[in-house]
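Here's the structure we're looking at; comments come further down.
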Amino acid sequence: MTKAQEDGLTFALLCLARPVFTNVFTRYLWSSSFILYAVNPSYLRSVSLNTIATTKQFKQEVLSGSLEQYLLDEFQKVESTLETTSDEFPSELFSTSSTPLPNIVGDILGDLPLVYYAIKCLIDPSRFSITSLAMFQQTTTSLRSIFDQVIQKRTTLHESLHHLDILYGYVKPKEAKVDSLLSYPLPKDNKEPRKEGMSLSVRNLSFHYPRSPDRRLVLKDLSFDIPASSLVVIVGANGSGKSSLVKLLCNLYNPTSGTILIDGKSANEYRKQDLRQATAVLTQDHLLFPLSISENIGIGDPSCEDSSEKSERVRTAAKMGGAETVIEKLTHGFEEMTRRSDSLYTSEEPPTPGPLKDIADKVEQYPDFSGGEIQRLVASRTFMRLSSGSIKLVVADEPTSAMDPEGEFELFEALRKVKGGTTMIFITHRFGHLTKYADLILCLRDGELVESGMHDELMDKKGEYYRLYDIQASAFRADTPLPVEYYGSESE
Ligand SMILES: Nc1ncnc2c1ncn2[C@@H]1O[C@H](COP(=O)(O)OP(=O)(O)OP(=O)(O)O)[C@@H](O)[C@H]1O
């Protein structure tokens with residue numbers, strides 16, 4: 001074997017030393033049956049907060065609840081408690097050795113070819129040119145690896161910045177002229193905070209959804225006044241435009257034409273954030289957050305920091321929302337998690353029946369709520385929000401759609417009880433027990449306001465409202481024949 005061939009073999013072996021060593025001393029999960037899950041409460045909380053802040057399905061909830069700052073503060077708090085705890089992907093954590101020794105040895109082995117040729121160069125300087133070539137190649141590889149690391153870190157940084165952008169996007173003021181906008185509520189002349197609710201005046205309001213391909217107007221030339229502190233019920237058949245109208249009143253969309261005046265000034269003149277903070281929105285679509293029941297309700301008033309005051313208010317809010325019995329059934333009561341964040345990984349997806357599945361089921365154990373139960377818990381969050389004292393407008397868009405009639409009746413009664421000076425707007429198809437108390441009923445048909453007034457006036461008119469009311473009332477009248485299936489067939 002020539003000298004050059006010997007050198008080549010040694011070089012190849014030295015280059016192999018590091019990958020072989022690393023491979024032997026690194027633990028991989030390939031072909032193992034495994035289940036990985038996080039138990040650290042701070043880590044689980046940080047994942048939950050991150051999910052709420054960055055997932056589209058929670059966006060409306062976060063915005064309408066003005067939760068941006070709360071989420072950021074809580075995230076920072078929990079991150080500081082995590083300190084040095086790694087939040088790496090579990091399989092990477094597993095492959096990381098508990099001692100730094102393999103890493104150190106690996107690094108030394110990686111430099112072996114360099115050391116070898118440096119020594120050879122010293123012993124036999126006449127072969128300097130070949131060795132220097134090898135050294136050069138080695139140095140190039142090292143340099144390349146350094147560049148790779150820099151680029152990889154840059155990509156990770158970009159990714160992190162992107163996530164931060166989503167997170168902070170909630171708080172970025174969209175309007176550059178934010179300073180010139182009015183704060184809401186406006187102070188009264190005598191500088192005392194206003195006690196009454198929001199007043200709304202709608203003038204020639206028309207609207208089509210921004211992405212509607214045919215620009216079909218779903219609201220057509222509506223004009224009406226909602227005096228401060230009044231109770232308003234919007235009625236109408238499916239698709240008549242009720243939800244679209246309240247979305248505009250809550251500033252979730254801008255009108256296509258016409259204006260909305262809030263306390264006498266155009267809605268555009270106020271800071272959107274202030275208007276949102278003064279409004280409590282309750283819809284059938286509102287969701288539970290992946291947090292404890294207590295926090296799901298308490299988040300209704302993120303400004304409440306005193307823990308004993310908060311827990312008292314959360315209990316009262318749960319009672320008012322009709323969620324007490326739902327919570328009593330839970331093993332951990334108010335501290336029960338509504339669901340775990342996505343922090344469970346198994347080697348089989350989904351795990352087949354056996355020990356793996358048994359553990360997964362145990363870890364993933366969280367309560368199954370019915371639609372009506374979720375609505376009661378979400379309603380409790382609104383009562384918490386109402387108890388903050390800063391709410392001027394409550395909008396309830398069919399928040400009881402999944403509730404039984406008793407639950408619905410109790411919820412509306414509770415809302416009326418705490419109403420005080422707040423302006424309240426309700427949408428419900430089962431409006432019978434509510435419209436009798438309404439100061440104003442707005443009756444929509446195909447996007448047009450066909451009638452408005454109080455219950456007795458509209459009943460006397462015998463128009464659209466009367467028709468809708470009568471359909472519901474007739475179901476309970478003794479003279480209305482019950483459907484055949486109720487009696488059974490005559491031959492029976
Ligand atoms: N995001 C949207 N984009 C485009 N069109 C929409 C959107 N949301 C609703 N619409 C349309 O606007 C019209 C009015 O819908 P809206 O939900 O306001 O009626 P509604 O009276 O609240 O109905 P329901 O009683 O069924 O809840 C409907 O024709 C509906 O198809």
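These numbers come from the heavy atoms of this one structure, side chains and all, not from hydrogens, waters or symmetry mates. Counting starts at 1 for both ligands and their atoms, in listed order. All figures in this text were calculated on a predicted structure; none of them were measured in a lab.
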Self-check item: From S452, S230, S201, S199, residue fulfilling side chain to side chain donor-acceptor pair (under 3.5 Å) relative to D225
Solution: S201

Quiz item: In this structure, are over 12 heavy atoms from other groups packed under 6.0 Å from K357 atom NZ?
Solution: no

Self-check item: Any donor-acceptor N/O pair, S80 side chain to K77 backbone, under 3.5 Å
Solution: yes

Quiz item: What is the distance from atom OG1 of T259 to atom CG of N254, rounded to the nearest 0.5 Å?
Solution: 12.0 Å

Quiz item: Under a 4.0 Å heavy-atom cut-off, which residues neighbour ligand 1?
Solution: Y209, R216, V218, A237, N238, G239, S240, G241, K242, S243, S244, E398, H429

Quiz item: Just by distance, with hydrogens left out, do N296 and R381 show a side-chain donor and acceptor under 3.5 Å apart?
Solution: yes

Quiz prompt | Distance in Å, K329 NZ paired with I327 CD1, rounded so as to fall on 0.5 Å steps | solution = 11.0 Å

